[in-house]
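Every chain is numbered from 1, with letters handed out A, B, ... down the list of sequences.
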2 protein chains.
Amino acid sequence: MFQQALIYLQMQLSGYSRYTMPKPQVTDPEIMSDPTANDARLCLPSFFPYQLAVFSDDVSKAIAQLYRGRYKLSRQEWRVLAALGERDGLSAKEIAEYSTLDKTQTSRAAARLLHNGLIIRDEDDSDRRHLRHKLTGKGRAVYREIVPLVRARESYILSTLSEQETKELARLMTKVHQKALELQQWG
Amino acid sequence: MFQQALIYLQMQLSGYSRYTMPKPQVTDPEIMSDPTANDARLCLPSFFPYQLAVFSDDVSKAIAQLYRGRYKLSRQEWRVLAALGERDGLSAKEIAEYSTLDKTQTSRAAARLLHNGLIIRDEDDSDRRHLRHKLTGKGRAVYREIVPLVRARESYILSTLSEQETKELARLMTKVHQKALELQQWG
DNA sequence: CTATATTAGTTGCAAATGAAACTAAAAATC
DNA sequence: GATTTTTAGTTTCATTTGCAACTAATATAG
């Protein structure tokens with residue numbers, strides 16, 4: 001018990017966060033003593049893409065609890081709803097682009113929302129391949145209920161940062177994001 | 001500093017893990033929200049959890065290209081490999097905890113790695129419920145090939161930031177992550 | 001010692017996923 | 001104007017996922 005408190009103190013002193021701190025029982029001390037010295041091993045908790053994935057996943061979960069729990073919406077359904085709440089009358093393709101979903105996900109999410117009466121859609125007269133998606137009264141009501149809730153959670157999550165830190169986080173994320181996209185493009 | 005150690009002690013006594021410990025001083029996020037600030041619409045591209053999800057997804061894809069493309073490993077298999085590469089002889093449960101996978105994912109990923117000859121495992125003599133997982137020569141060879149590749153991608157992605165910016169990003173992420181975990185805890 | 005509970009890990013099953021095939025409409029080519 | 005190509009959106013199918021039920025081993029309670 002007391003030993004764990006001491007480990008925690010060491011953690012604080014070592015400059016690791018509680019999330020990037022390697023767990024004592026699975027971490028070889030000689031590796032941690034000089035992270036740059038051993039190229040043969042990767043320390044998962046200090047590997048940026050891993051940290052980011054875990055972080056993002058936890059933020060997503062915190063938000064998803066809202067729309068999943070109270071409104072029985074999937075992540076995709078929520079995104080479609082969010083897209084249409086912001087701009088009514090989009091086609092499926094536009095929804096997909098706007099909400100970073102692929103067309104299959106969009107199609108299925110829209111089908112479920114339609115089935116549950118949250119949206120309607122009809123053909124665009126000028127191009128009958130396009131379906132113009134619109135929120136129903138019910139859909140808009142749900143949207144209007146959810147928005148303040150997710151907003152509040154976003155605010156809460158970011159409340160630990162100052163105005164300036166929040167901007168800085170966004171700036172750094174954007175820069176890193178660009179580099180990741182470059183890599184993705186080149187395979 | 002010492003105060004945090006004391007909090008940690010209380011945490012241990014109360015049966016909470018370091019991740020599930022609720023912070024008593026914070027208030028309910030929905031109460032915290034300012035009703036007057038609630039615009040009727042949500043702008044998805046400027047909604048932090050959405051930005052983060054897209055960002056993380058793109059970084060994951062940039063890394064996954066490596067182990068998926070060249071080594072035909074799933075994300076889960078890669079994580080198990082990474083855990084064992086770092087510390088051999090873990091049980092499935094330890095792998096799961098270390099790599100943030102659930103036990104089903106771990107079990108299935110390990111089964112595939114076993115089938116492909118990247119790991120072996122045998123019962124722990126002192127507790128025959130535990131399986132000690134170890135990399136085979138082949139598994140370690142794959143691990144040793146992948147590590148420099150993913151390291152290089154991580155470096156490239158972060159090369160757009162200065163040393164100091166990288167630290168700052170990690171610091172901000174950690175702070176925000178903690179808040180997100182608090183929310184998850186409440187449900 | 002027996003009965004019950006807990007823990008490690010696997011498996012069965014229903015639902016979700018993603019890639020590719022498919023339908024239908026419009027555009028482009030000849 | 002007929003033919004081919006492209007675009008929007010859906011469906012099919014094989015794979016993956018997540019949850020809960022399950023087996024087996026150990027720990028605990030009576």
Options dT6(D), dT6(C), dT10(C), nucleotide nearest the side-chain atoms of Arg129(A): dT6(D)
Integer-rounded Å distance: dG9(D) C1' and Arg112(A) CZ: 16 Å
dA8(C) OP1/OP2 closer than 4.0 Å to side-chain N/O of Lys93(B): yes
Rounded interatomic separation in angstrom, taking CG from Asp122(A) and P from dA8(D): 18 Å
Distance, rounded to the nearest Å, where Asp124(A) contributes CG and dA27(C) contributes P: 11 Å
Atom-pair distance (CG on Leu101(B); P on dG18(D)), nearest Å: 10 Å
DNA chain C: 5'-proximal contact among Thr106(B) and Lys103(A) (nearest heavy atom): Thr106(B)
N or O in side chain of Ser107(B) less than 4.0 angstrom from dG9(C) OP1/OP2: no
Distance in angstrom units between Asp127(A) CG and dG9(D) C1', rounded: 12 Å
For atom CZ of Arg128(B) and atom C1' of dG9(C), their distance in whole Å: 14 Å
Gln76(A) side-chain N/O to dA16(C) phosphate OP1/OP2 under 4.0 Å: no
Contact nearer the 5' end of DNA chain C, comparing Arg132(B) with Asp125(A): Arg132(B)
Gap between atoms CZ and C1', on Arg75(A) and dA15(C) respectively (whole Å): 17 Å
Nearest listed nucleotide, side chain of Arg108(B), among dG9(C), dA25(D), dG18(D): dG18(D)
Under 4.0 angstrom between Gln105(B) side-chain N/O and dG18(D) OP1 or OP2: yes
Nearest-Å distance for atom pair CD/P, residues Glu97(A) and dG9(D): 10 Å
Short side-chain N/O contact from Arg121(A) to OP1 or OP2 of dT10(D), under 4.0 Å: yes
Side-chain (Arg153(B)) to main-chain (Ala62(B)) donor-acceptor, under 3.5 angstrom: yes
Sugar-phosphate only, base, or nothing, as touched by Ser91(B) at under 4.0 Å among non-hydrogen atoms: sugar-phosphate
Matching residue for Tyr98(B) among Lys93(B), Arg87(B), Glu86(B) - test: side-chain hydrogen bond (donor to acceptor under 3.5 Å, both in side chains): Glu86(B)
Donor-acceptor contact below 3.5 Å, side chain Thr136(A) vs main chain Leu118(A): yes
Tyr67(B) and Trp78(B) aromatic ring geometry - parallel, tilted or perpendicular at 30°/60° bounds: parallel
Arg151(A) side-chain N/O to Arg41(B) backbone N/O, donor-acceptor pair under 3.5 Å: yes
